[in-house]
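Each remark here refers to the structure printed beneath this line.
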Amino acid sequence: MALLYFIIALLLSPTATQPTSDELDHLLGVGNTALASGDFPTAITHYQSCLDLDPDHRYCLINYASALVDSIDPDDASEDTKLERTLKAIDMLRQVLKSHPDDGDAAFNLAVLLQDTSRSEETTREAAQLYQISVEASIQTGEERWDAWANLASAQQELGIFIGQYGAHASYEHSIVYLEKIANEHQSYIDQMLHSPNAEKMEWNEEEYQEVSAELSHMNQLLSKLYYGLGTILSELSPKDCMYMMNQDTLLIDAVDGQDDEDQAKRICESNAVNALRMAVDLNPDNMVAAHMLNAMVGDEGMGGSKRASNEFVEALFDDFANTFDEKLGALNYQVPYFIGEAAYWLLQQGGRETYRSVLDAGCGTGLAGRFLKPLVDGALVGVDLSTKMLDVARECTLLKGCGLKEVPEDEDEKKDDESAEEDIRSSIRLYNHLVSLDLETATLDDIYSSYNEAPADAKDGFELIVAADVLVYIGDLQKLLQNFAKLSVESNAERDAFLIFSCERIDDEDAPSTGWKLQSSGRYAHSKSYVVKTAKEAGYRLIAYEEIVPRMEKGEDVQGHLFQFAFGLDDDWNEEDMETGDMVFMDIINEDGEVVLSDEL
């Protein structure tokens with residue numbers, strides 16, 4: 001879940017001063033006035049003059065940091081300029097906290113900036129500590145900050161710290177209570193404007209009405225996100241943690257003090273989770289992520305739920321995660337892209353071939369699978385995804401950068417000229433030949449290639465290989481998708497074969513509902529092997545290899561999955577018995593010299 005960011009400049013009151021002299025007071029006051037009006041150059045000039053006189057001035061440092069960050073134009077400023085100003089602001093805020101470790105404003109602003117620069121677990125942990133400082137400072141003043149509670153909740157949820165005084169659950173509840181209070185005040189003001197006994201006698205102020213209404217609408221959207229966060233926390237709590245919650249001061253409905261039945265406690269948590277998700281959807285019907293999760297919780301094992309996640313849900317979910325997707329999956333030991341590349345190479349070996357002429361990375365996301373596929377393609381590697389922000393990330397991937405590769409700083413002075421020249425060339429070669437945002441169930445070859453001016457002459461014959469890494473977890477009924485994959489596949493003949501490789505989360509046949517698929521409380525779908533094979537066969541595919549896999553870890557436990565390899569319209573020359581052994585190969589994509597190659601140890 002994305003963190004809630006707020007305009008840093010608004011956190012600091014123009015009157016929040018503690019001058020040590022009339023001159024400092026004047027410089028700080030002029031700077032604050034300029035900051036509030038958006039005149040950042042004037043604000044920065046006066047804050048700098050203040051610090052020239054007193055380098056440790058608390059409020060000049062805090063507000064100077066805000067001015068530096070707020071003055072960044074996201075459209076015009078270069079990445080170097082953004083980074084330089086952000087790092088300078090971070091240093092200033094650290095300087096404040098070194099002498100004033102309990103400063104809530106400095107702690108909050110620093111936490112936001114740190115998470116803007118890195119989403120690592122270490123950074124998130126430090127941010128959570130800083131948000132807690134901000135929360136505790138606001139408690140001391142008697143004016144608790146809902147935004148500090150909200151960001152603390154989000155950070156703690158990422159860290160898996162759900163319970164406790166400052167755990168995600170308690171933090172979500174506090175943020176909701178305080179933001180609802182502000183929202184109710186806005187609603188009361190609007191009601192008074194419209195319905196008070198003196199309303200007809202009062203002079204109508206349309207501008208004020210629209211302003212307050214817009215603020216209330218924005219608050220409801222934020223509350224929707226907070227209720228969604230609370231709902232997901234409650235749905236994920238273990239029975240033991242739910243029983244612990246029964247004895248705490250919480251907003252849980254039907255909580256029984258002294259509850260000693262873990263199963264009953266878990267049911268209470270789940271009931272409250274559903275209520276929270278319903279509130280999220282009521283407050284903002286466009287919160288598709290909350291709507292999908294609500295459907296996952298109230299659906300009847302795939303029978304009462306929708307057949308697939310909506311496009312709006314998928315776009316919202318992955319647009320939100322685009323900038324942190326690779327990092328977060330890495331922390332979960334995500335293996336599917338590797339399995340996909342391994343299987344794709346193995347199929348080439350079985351057919352006595354070296355490369356594919358064309359490959360479709362269906363649901364490519366940020367391009368993690370593309371890193372393993374690129375060495376296997378001598379034609380077009382095409383990526384399709386609903387999330388435009390994911391595609392933006394994938395679009396920046398080259399043979400030496402992005403799409404799962406960690407940046408390794410190098411000493412330019414130590415490079416040889418010929419090595420530098422070769423690296424420059426490879427750094428400019430894009431991993432994907434073409435990327436496009438489309439719905440995989442309805443996309444046609446014409447749709448895919450219409451904006452690809454350099455498409456090979458035989459591109460519209462279809463793809464020799466289609467892969468889908470963890471895409472089908474957002475689709476329950478696979479019939480329409482697999483039938484469309486068949487339309488996108490090249491027709492197999494003596495010269496060209498067409499294959500399909502994809503992963504699913506696994507449910508055993510005996511545990512599967514009659515549909516063969518199930519919408520889980522996680523919001524993802526699981527499929528039985530027999531259902532997948534049957535549906536693929538109806539679309540014209542034939543199973544040639546199958547393997548049970550662990551795609552990633554979740555809450556410290558293995559996620560159960562399976563990997564399917566199908567051939568499209570293949571004749572009986574293929575030895576299906578041999579191919580179902582599932583013996584895979586190991587594949588290296590980047591050697592120790594940074595070259596994109598296949599391993600010699602295959």
Side-chain angles (χ1 to χ4, degrees), residues 119-121 314-315 317-346 356 359-377 380-408 427 429-437 440 463 465-475 500-505 524 547 549-554 559 561-565 584-591 594 596-599:
R119 299 299 176 83
S120 67
E121 181 178 342
V314 175
E315 287 183 77
L317 180 67
F318 287 102
D319 280 354
D320 227 15
F321 276 123
N323 292 328
T324 61
F325 187 74
D326 295 3
E327 199 168 358
K328 288 181 177 177
L329 284 183
L332 297 175
N333 196 29
Y334 182 56
Q335 297 290 311
V336 174
Y338 164 74
F339 293 145
I340 292 286
E342 185 181 59
Y345 186 77
W346 179 75
Y356 299 97
V359 174
L360 171 63
D361 188 356
C364 63
T366 58
L368 293 178
R371 177 63 58 194
F372 292 88
L373 296 169
K374 186 65 172 180
L376 308 179
V377 190
L381 174 59
V382 177
V384 171
D385 203 279
L386 276 172
S387 170
T388 55
K389 291 188 177 180
M390 287 286 208
L391 291 174
D392 287 342
V393 175
R395 197 166 281 114
E396 297 302 313
C397 297
T398 71
L399 294 184
L400 294 181
K401 183 184 74 173
C403 290
L405 287 186
K406 293 183 179 180
E407 292 189 18
V408 180
S427 295
I429 299 176
R430 298 294 177 185
L431 201 64
Y432 288 90
N433 300 90
H434 183 53
L435 292 162
V436 60
S437 177
L440 290 170
F463 292 96
L465 174 66
I466 298 176
V467 305
D470 260 13
V471 175
L472 278 62
V473 296
Y474 297 105
I475 301 173
L500 170 63
I501 305 171
F502 60 79
S503 61
C504 300
E505 289 194 12
R524 297 188 296 271
E547 187 175 16
I549 62 171
V550 176
R552 68 186 176 283
M553 303 290 290
E554 191 169 280
V559 172
H562 37 189
L563 186 74
F564 295 87
Q565 298 174 62
M584 297 297 180
V585 297
F586 181 78
M587 182 177 169
D588 280 330
I589 297 304
I590 303 296
N591 68 11
V596 182
V597 295
L598 295 178
S599 172

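Remember, it's a predicted structure, so these values are computed and weren't measured experimentally.
Of the possible donor and acceptor atoms, one in the side chain of R430 sits under 3.5 Å from a partner among the backbone N and O of R395. Checked by atom type and distance alone, the side chain of N433 never pairs as donor or acceptor with a backbone atom of V382 at under 3.5 Å. The backbone N or O of D361 lies less than 3.5 Å from no partner atom in the side chain of Y432, so there is not a single donor-acceptor pair. For the pair S437 (side chain) and L386 (backbone), a donor-acceptor distance under 3.5 Å is present.
Of all heavy-atom pairs spanning I466 and A362, the tightest one is CG2-CB, 4.3 Å. Across P551 and V336, no two heavy atoms sit closer than the pair CB-CG2, 3.3 Å. Nearest heavy-atom pair across D385 and G363 is OD2-C, 3.2 Å. Smallest separation of non-hydrogen atoms from E505 and H562: O-NE2, 3.6 Å. Of all heavy-atom pairs between K401 and E396, the closest is CE-O, 3.3 Å. Annotation for A469 and S503: closest pair C-OG, 3.9 Å, computed over non-hydrogen atoms.
Here CD1 of I429 is found 8.0 Å from NZ of K374. Values are rounded to the nearest 0.5 Å. Residue Y334 holds its OH atom at 7.0 Å from CG of L368, rounded to the nearest 0.5 Å. To the nearest 0.5 angstrom, I475 atom CD1 is 10.5 Å from F502 atom CZ. Distance check: L381 CG to L435 CG gives 8.0 Å after rounding to the nearest 0.5 Å.
Ion pairing of D392 with K389 is absent here, as no side-chain N (NZ or NE/NH1/NH2) approaches a carboxylate O to less than 4.0 Å.
In this structure, the side chains of L431 and L373 stay at 4.5 Å or more apart for every pair of heavy atoms. Within the 4.5 Å cutoff, the side chain of L391 has heavy atoms near those of the C364 side chain. F339 has its side chain out of reach of E547: every pair of non-hydrogen atoms, C-beta onward, lies at least 4.5 Å apart. Two residues are said to be in side-chain contact when any heavy atoms from C-beta on lie closer than 4.5 Å; V550 and Q335 fail this criterion. Between V467 and L360 there is no side-chain heavy-atom pair separated by less than 4.5 Å. For the pair V359/L376, no side-chain contact is recorded, criterion being any heavy-atom separation below 4.5 Å from C-beta on.
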